Structure formats: C-alpha cells, structure tokens
Amino acid sequence: MNAINENAEVPCIWLTRPSGQFQQLSLGLELRGFTVHALPLLMIEPLPLNGVVLEVVKELDRFDFVIFVSTNAAMLGIAAITDWWPQFPAKQKYFAVGPSTAALLESHNLEVYYPEGAMNSEALLALPYLRDIRGKKVLIVRGRGGREILAKGLNAAGASVQYAEVYERHIKKYSCGEIIRRLADHPPSAIVISSGEALQNFHQHVDSCVPQWKELPLMPVSDRLFQIAKELGFTNLYTLQGASDDAILEALSRYFEKRR
C-alpha cells in the first residue's frame, strides 16, 4: 500500500474538520489545482439552550467582555444570544480566537478584537484590552470540556469568568479497513490537522492500523499542535501557521509550489 503521495503531480489534501466545516476550504483548494479528501475526525453536537447557558444568555448585559473561542462557538453562541436579545447589549467588548470566528461576529455588526498572528488562548490573553481587567466580568462561549488556559489567565489577572458551553465534540470512529482503504485510494500529500482532539483521534486510528504511520505527511495549523504531533511520534511534519481558510490555502500553495 502506498500511503503517502507527497510528490504527486496533483497533491491530495486530506481535511479533517467536522462535516459541514470544510466546504469553502475544499472549494478553494480545488480551484488552486489540488484534490481533496475529507476524513472528519470530530462531530459537533449543539447543546440545548437551558440551565447555566440559558441563565448567562439572559444576563448577557452584566458581562464586560464576551469571548468566542471557535467558529462553532460563534455560530451557536450567536444563535442562542439572538433568540433572547433582538439587539446586542451596549458597552460590551467582543473577542474572537481568530479571523474566521471574528468574521461570523462581524456579520452581526459587532466590533470584534482578535489576535492577528497565532490563533489560540495565549494570543488572546496578550491582546491589549485583556491586560488590565481586574474586576471585569468575562463570558467565554465555547464547547464543553475545552482548554482551561484562557480562563486561568483571565482569573489570574483579576477577572471573574463564566462559561457558556453551547456544543460538545464527539470522536468520529473508523474501522482499520476503512482507514487502510482511504489511504490506498487517496494517498495523502498533506493531512491538515486543526485541533488537539482531532490529532489524538487520528493518532489512535493510524497507530493501530498503519505500519508506516509516523511518516504520514501531517500539517498541523499551529506550533502547539506541531509539538503535540512530534511528541506522539509523527516525523513528517510541517506547520501551516494559521487555522483560517485563507491561511491554510496560502501555506499549502507556498509549500507545494516550492516542491515543483
């Protein structure tokens, strides 16, 4: 089985985002001459608007800052908020983890602050508006069980933090036969990895099914994911340095242009 296709005339890019979240990126890649194969590694399930989430949405105006940590958080969080607020409360500041999340918020006429470089909790905490926040109330809109670095950093700076968890992630499972068939039918030139959970899921699948899994061409979207992949044992790594569609398109185009 030839499971790697790095030197193919037409590179095959594997996208591992949840279903419904890679169509625009897939189209952009195809327009640039790539072929695309989808292997969703996570499933996103919206959580019902009740309990704690409903209470914080009803009391949205008591928060000084509202932070959305993913595009899923933005889509589902905005839907929950607009069910209760015909207009967004005034005098709040809104934050996003990166440009794609920010664009969803800006489409609702919100002014949004987000890091220009790295798209992660550490970069958010470095934004000027989140430095002097003692006594401020912060709402983090996220999925259930996300990273705690952002909340810990905000608490350490003197802010009080609450969560609105609007979705949960589920691992998508594949049989060994399915993984082997996909590698044989669509040998990857690059496997784009966008989250730690997706990376761990992929590793578990290939570790038990693919003898040469360490050599698979993994392209994580951040230095943090690169380091996790390296620690897991992957050796054929390249960092895309950005999780937005535009960042991924540009990085992949540059990478394969240099190899021609």
Side-chain angles (χ1 to χ4, degrees), residues 44 46-47 49-169 194-197 221-225 227-228 241-244 247:
I44 302 299
L47 292 172
L49 184 60
N50 57 28
V52 173
V53 177
L54 180 56
E55 289 306 312
V56 297
V57 168
K58 286 181 178 180
E59 299 176 359
L60 187 66
D61 56 345
R62 70 183 176 87
F63 293 97
D64 300 295
F65 302 146
V66 183
I67 302 175
F68 297 83
V69 300
S70 68
T71 54
N72 290 309
M75 287 187 291
L76 297 170
I78 289 294
I81 290 168
T82 53
D83 276 349
W84 288 91
W85 293 87
Q87 290 184 322
F88 285 84
K91 299 181 180 179
Q92 287 181 318
K93 287 186 171 64
Y94 293 88
F95 295 83
V97 72
S100 297
T101 304
L104 288 170
L105 302 174
E106 289 167 345
S107 69
H108 291 268
N109 299 315
L110 297 174
E111 183 178 8
V112 186
Y113 304 93
Y114 61 93
E116 298 285 345
M119 291 176 282
N120 53 38
S121 298
E122 294 84 351
L124 270 171
L125 288 168
L127 290 175
Y129 281 114
L130 292 179
R131 289 176 184 166
D132 185 15
I133 57 173
R134 184 165 298 279
K136 300 293 186 181
K137 294 181 173 63
V138 183
L139 178 65
I140 298 176
V141 185
R142 69 171 195 170
R144 180 175 288 168
R147 299 174 73 206
E148 300 296 330
I149 289 176
L150 180 58
K152 288 180 179 178
L154 295 169
N155 282 326
S160 61
V161 178
Q162 278 191 262
Y163 288 128
E165 296 181 328
V166 294
Y167 66 94
E168 60 185 358
R169 296 167 289 267
S194 302
S195 74
E197 286 174 301
V221 300
S222 70
D223 291 334
R224 180 180 71 87
L225 292 176
Q227 189 58 39
I228 294 172
Q241 298 290 2
S244 69

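Just so it is clear, the model here is predicted, and its values are computed rather than measured. All values below were derived from every heavy atom in this structure, side-chain atoms included, with hydrogens, water molecules and symmetry-related copies excluded. Positions are given from 1 along the sequence.
By the 4.5 Å heavy-atom criterion applied to side chains, Arg62 and Gln162 are counted as neighbours. Side-chain contact check for Val57 versus Asp83: every heavy-atom pair is 4.5 Å or farther apart. Taking the side chain as every heavy atom from C-beta outward, Trp84 and Leu54 approach each other to under 4.5 Å. Counting heavy atoms from C-beta outward, Ile67 and Leu154 have side chains that approach closer than 4.5 Å. Contact check for Val97 versus Leu150: no side-chain heavy atoms found under the 4.5 Å cut-off. Side-chain contact between Leu47 and Val166 is absent, with no heavy atoms from C-beta onward closer than 4.5 Å. Contact of the Ile44 side chain with the Arg169 side chain is registered, since non-hydrogen atoms from C-beta on lie closer than 4.5 Å. No side-chain heavy atom of Val69 sits less than 4.5 Å from a side-chain heavy atom of Ser121.
Annotation: the span from Arg142 atom CZ to Asn72 atom CG amounts to 14.0 Å, rounded to 0.5 Å. Between atom CG of residue Leu127 and atom OH of residue Tyr114 there is a gap of 11.0 Å, rounded to the nearest 0.5 Å. A distance of 4.5 Å separates CD in Gln92 from CG in Leu60, rounded to the nearest 0.5 Å. Residue Phe63 holds its CZ atom at 10.5 Å from CD1 of Ile140, rounded to the nearest 0.5 Å. Taking NZ of Lys58 as the start and CD1 of Ile81 as the end, the distance is 14.5 Å to the nearest 0.5 Å. The distance from atom CD1 of Ile149 to atom CZ of Arg224, rounded to the nearest 0.5 Å, is 7.0 Å.
By the 30° and 60° cut-offs, the orientation of the rings of Tyr94 relative to Phe68 is parallel.
At least one donor-acceptor pair under 3.5 Å links the side chain of Arg131 to the backbone N or O of Ala126.
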Under the side chain to side chain contact (heavy atoms under 4.5 Å, CB included) rule, what do Thr82 and Phe88 come out as? Steps first, then yes or no, please. CA-CA 8 Å; Thr82 53; Phe88 285 84; 4.0 Å; yes
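Heavy atoms only, all atoms of each residue included: Ala96 and Ala102 are closest at CB-N, 3.5 Å. Listed here is the closest heavy atom pair of Ser195 and Leu225: C-CD2, 3.5 Å. Considering all non-hydrogen atoms of both residues, Val141 and Gly77 come closest at CG1-CA, 4.0 Å. Of all non-hydrogen atoms in Leu124 and Pro115, the two that sit nearest each other are CD2-CD, 3.9 Å. Scanning both residues, Ala159 and Val138, for their nearest heavy atoms gives CB-CG2, 3.9 Å.
When only modelled atom types and interatomic distance are considered, Asp223 and Gln241 share a side-chain donor-acceptor pair under 3.5 Å.
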